[in-house]
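Just so you know, these numbers use all the heavy atoms, side chains as well, and skip hydrogens, waters and symmetry mates. As the structure is a computational prediction, the values presented were derived from the model and not from experiment.
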There are 2 protein chains.
Amino acid sequence: MAPLSLASLALQQHRLIHDIYVLLDDGDRRVLAITRLTPLEFAVLQRLDLEEGRRLTDIGAELLCVKSTITRLVDRLEASGLVQRTPDPDDRRAQRLLLTSEGYALCTKASALHNAAVERRMGLLEPTEQEILALLLEKLRTNLHRDLSDNA
Amino acid sequence: MAPLSLASLALQQHRLIHDIYVLLDDGDRRVLAITRLTPLEFAVLQRLDLEEGRRLTDIGAELLCVKSTITRLVDRLEASGLVQRTPDPDDRRAQRLLLTSEGYALCTKASALHNAAVERRMGLLEPTEQEILALLLEKLRTNLHRDLSDNA
DNA sequence: TATACTTACTTGCACTTGCAACTATTGCAC
DNA sequence: GTGCAATAGTTGCAAGTGCAAGTAAGTATA
């Protein structure tokens with residue numbers, strides 16, 4: 001196997017992942033626009049729906065964005081009445097985030113829309129293909145993550 | 001096969017692609033930072049390296065961003081002496097883009113760095129796995145693209 | 001206890017991007 | 001040819017994000 005063919009295969013895959021991400025993200029934005037949420041705002045609401053009372057820093061770390069981004073994103077969500085900051089009883093520096101009932105309702109609606117869209121789009125592959133793809137992607141993610149830790 | 005398992009498989013894959021994209025993009029930014037280029041600026045230079053004299057609108061369409069983004073990105077590249085706008089002889093509305101020698105040199109350097117990094121990171125999978133992954137991603141991209149055209 | 005270091009969050013600033021409005025030019029229909 | 005729609009590109013504006021610096025509070029060390 002010639003080195004060149006390997007090289008272009010790697011570049012080709014990188015390009016494919018990039019293109020697919022752009023297409024998926026574009027679809028996500030369209031679907032979520034119905035709820036007036038950006039993908040990142042939706043991600044925060046989802047995290048809170050899964051586990052209430054989380055701290056801003058934790059969510060930021062999970063979503064790979066800096067703290068100030070979360071601060072201002074939560075400012076927006078709070079101004080829209082979707083979440084509420086409450087002081088952490090154990091640490092007076094920290095803020096715990098709670099979903100309001102409006103926030104919960106919107107998150108439920110957004111999740112339904114989003115999940116349906118994702119299922120439809122990922123369903124463009126056969127179930128068997130999906131399973132193989134998931135396995136390979138899982139391995140790639142794990143290795144990339146380790147690679148990042150090693151080289152950071 | 002229960003519907004629920006399929007649903008979560010789709011969501012899982014969507015998440016995997018998102019996470020992998022974020023990791024790859026982060027790596028790209030780090031590598032390209034050496035050349036003071038953003039991934040998008042690099043993409044424009046690459047397009048020009050491949051085929052000189054392209055028009056702004058064409059490049060924007062290829063990179064899926066609006067015209068004004070390209071206008072200002074090219075403003076920056078031109079200010080840095082990397083590209084040059086020249087009037088289109090056939091259409092007085094249009095501008096043709098040319099790489100300067102500095103632009104060519106920087107693009108060559110950035111490509112070398114970028115390609116090496118991509119090969120290393122995608123090389124975290126076995127060659128066989130890479131081939132299967134490329135096949136599945138290719139199919140997914142094609143189907144997503146058609147899906148977008150149908151539903152837009 | 002005092003001092004220094006870390007952590008949680010916020011704020012100021014700069015940068016990039018999308019959207020909408022605008023100008024100039026082209027091309028099509030009549 | 002005249003008028004009208006489409007196209008190429010630019011500009012003003014608003015929004016979102018990262019970085020760096022700042023504040024307040026917790027933690028560790030002497």
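In this structure, B:L124 and A:T142 have side chains that are not in contact, with every pair of non-hydrogen atoms separated by 4.5 Å or more. A 4.5 Å side-chain heavy-atom check between A:R55 and A:D58 finds at least one atom pair inside the cut-off.
Counting to the nearest Å, the C1' atom of D:dA25 and the CZ atom of A:R92 are 7 Å from each other. Here the C1' atom of nucleotide D:dT10 and the CG atom of B:L73 are 15 Å apart, to the nearest Å. Rounding to whole angstrom units, CG of residue A:D75 and C1' of C:dC9 are separated by 11 Å. Taking atom CG of B:D91 as the reference point, atom C1' of C:dT23 lies 14 Å away to the nearest angstrom. Atom P of nucleotide C:dT11 and atom CD1 of A:I70 are separated by 15 Å, given to the nearest angstrom. Atom CG in A:D25 sits roughly 14 Å away from atom P in C:dT17 (whole-Å rounding). A straight line from CZ of A:R96 to P of C:dA8 spans 11 Å, rounded to a whole angstrom. Put simply, CD on B:E41 is 12 Å from P on C:dC15, counting in whole angstrom units.
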Reading 5' to 3' through nucleotides 2-7 of chain D, protein heavy-atom contacts under 4.0 Å coded B for base, S for sugar-phosphate only, - for none = ----BB

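The side chain of A:S68 has C:dT11 as its nearest neighbour among C:dT11, D:dT11, D:dA25. Residue B:A94 has its side chain nearest to D:dA8 when only C:dT17, D:dA8, C:dT11 are considered. Of the candidates D:dC19, C:dC9, C:dG18, the closest approach to any side-chain atom of A:L56 belongs to C:dC9.
Among the atoms of the strands shown, none is found under 4.0 Å from any heavy atom of B:D88. Contact annotation for B:R76: backbone-only contact, meaning every heavy-atom pair under 4.0 Å involves sugar-phosphate atoms and none involves a base. Residue A:L40 is classed as a sugar-phosphate contact, given heavy-atom separations below 4.0 Å to backbone atoms only. Residue-level contact check: B:R29 touches neither bases nor backbone, having no heavy atom under 4.0 Å from any strand. Among the protein residues, B:R72 comes within range of the nucleic acid bases, having at least one heavy atom under 4.0 Å from a base atom.
A salt bridge does not link A:E41 to A:R36: none of the charged nitrogens lies less than 4.0 Å from a carboxylate oxygen. With respect to the salt-bridge test (charged N to carboxylate O, under 4.0 angstrom), the residues A:R121 and A:D28 qualify. Checked for salt-bridge contact, B:R92 and B:D88 miss the test: no charged N lies under 4.0 Å from a carboxylate O.
Note on ring orientation: taking the six-membered ring where Trp is involved, the planes of A:Y21 and B:H18 are tilted (angle from 30° to 60°).
Heavy-atom neighbours of B:R76 CZ from other residues, nucleotides or ligands within 6.0 Å: above the threshold of 12.
For the pair A:T71 and C:dT10, the criterion of a side-chain N or O lying under 4.0 Å from OP1 or OP2 is met.
Mapped onto DNA chain C by nearest heavy atom, A:K67 and B:D90 fall at different nucleotides, with A:K67 at the one closer to the 5' end.
Of all heavy-atom pairs spanning A:T35 and A:L113, the tightest one is CG2-CD1, 4.0 Å.
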